[in-house]
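Below is one structure, written out as structure tokens, with a few remarks after it.
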Amino acid sequence: MTRTAVVTGASRGIGKAIFNRLSYEGWKTFNLDILVPEEHEGSWIATDLTNPVSISNAFEMLRENGPITGLVNNAGVALVDRLENSSLNDFERTMAINLRAPMLCAQEVLEDMKQEQFGRIVNIASRAMMGKTHRTAYGASKGGIAAMTRVWALELAEHGITVNTIAPGPIATEMFTHANPPDMPRTQEIIGTIPAGRLGSPDDIAQGVAFFMDERSGFINGQLLYICGGITLARGGS
């Protein structure tokens, strides 16, 4: 049985890797993104995730393909600045994409998942929610989505729906490079603190998503998985 999944922000980076992995795993996968992917073959729906109407219209189109039983809330924006320089506009845009859009997308798929008595929702947070400079809005939004995950897991478990969170550590994407230019000392310091000795790759995150999305993962619910090369751990004095 082929199941249908939606991945937001899948035109590049982590989202693209997740899209490709789920497609490989047998999901009929669709990409909701404002950016045009290099290849989409009908799987891309142009969606402004800051606009509730655009989100609703996208899912209305998707329902023509049958019930949607998989959702990966991946799309995110990281507007980096210190507290004193953080603007209200940046804060509101961050919350609209990183927190409000995931809630709206989840609401859009609930009826299908409940009718099928099966569903998989994976929310992408960030290790930055544990604390990182220049991340007031971003850290707040990612902490928020981790909290929503736990609420949804409790509310939806009786319907065969699981909801889990993945919090990536430093991953070599365009977003990371924009916020952490390779030539900056701060970037080299970040890499130096990763026990694995390298930045993660988008495929590392896709591996975790595939695990949570698997039909055999039905007893794993409300969990937060750090995929971070060990950076969330103390280094034990080494």
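Given the structure is predicted, the values throughout are model-derived calculations rather than measurements. Basis for what follows: all heavy atoms, side chains included, without hydrogens, waters or symmetry-related copies.
Under the 4.5 Å side-chain contact rule for hydrophobic residues, F118 and L22 share a cluster. By the criterion of side-chain heavy atoms lying less than 4.5 angstrom apart, applied directly or through intervening Ile, Leu, Val, Met, Phe, Trp or Tyr residues, W27 is not grouped with I68; the two fall into different hydrophobic clusters. Taken together through direct or relayed side-chain contacts under 4.5 Å among Ile, Leu, Val, Met, Phe, Trp and Tyr, I220 and V209 form part of one hydrophobic cluster. Each of L49 and V7 belongs to its own hydrophobic cluster when Ile, Leu, Val, Met, Phe, Trp and Tyr are linked at side-chain heavy-atom distances under 4.5 angstrom. Both V6 and I121 sit in one connected hydrophobic cluster of ILVMFWY residues. Membership requires side-chain heavy atoms under 4.5 Å apart, directly or through other members.
With rounding to the nearest 0.5 Å, the separation of CD1 in I45 from CG in N57 is 10.0 Å. From I191, atom CD1 reaches atom CD1 of I231 across 10.0 Å, with rounding to the nearest 0.5 Å. For the atom pair CZ of R127 and NZ of K142, the computed distance is 13.5 Å after rounding to the nearest 0.5 Å.
Counting heavy atoms from C-beta on, the side chains of M103 and W152 come closer than 4.5 Å. Residues T193 and E189 have side chains not in contact (no heavy-atom distance under 4.5 Å, counting atoms from C-beta outward). Using a 4.5 Å cut-off on side-chain heavy atoms (C-beta onward), M113 and L156 make no contact. The closest side-chain heavy-atom distance from C105 to T8 is below 4.5 Å. For the pair L62 and T4, the minimum side-chain heavy-atom distance is 4.5 Å or more.
In terms of heavy-atom proximity, P102 sits nearest to I97 at CD-O, 3.4 Å.
Shown are E25, E116, E215; of these, the side chain to side chain donor-acceptor pair (under 3.5 Å) with R3 is made only by E215.
Applying the 6.0 Å contact sphere to CZ of R100 captures more than 12 heavy atoms from other residues, nucleotides or ligands.
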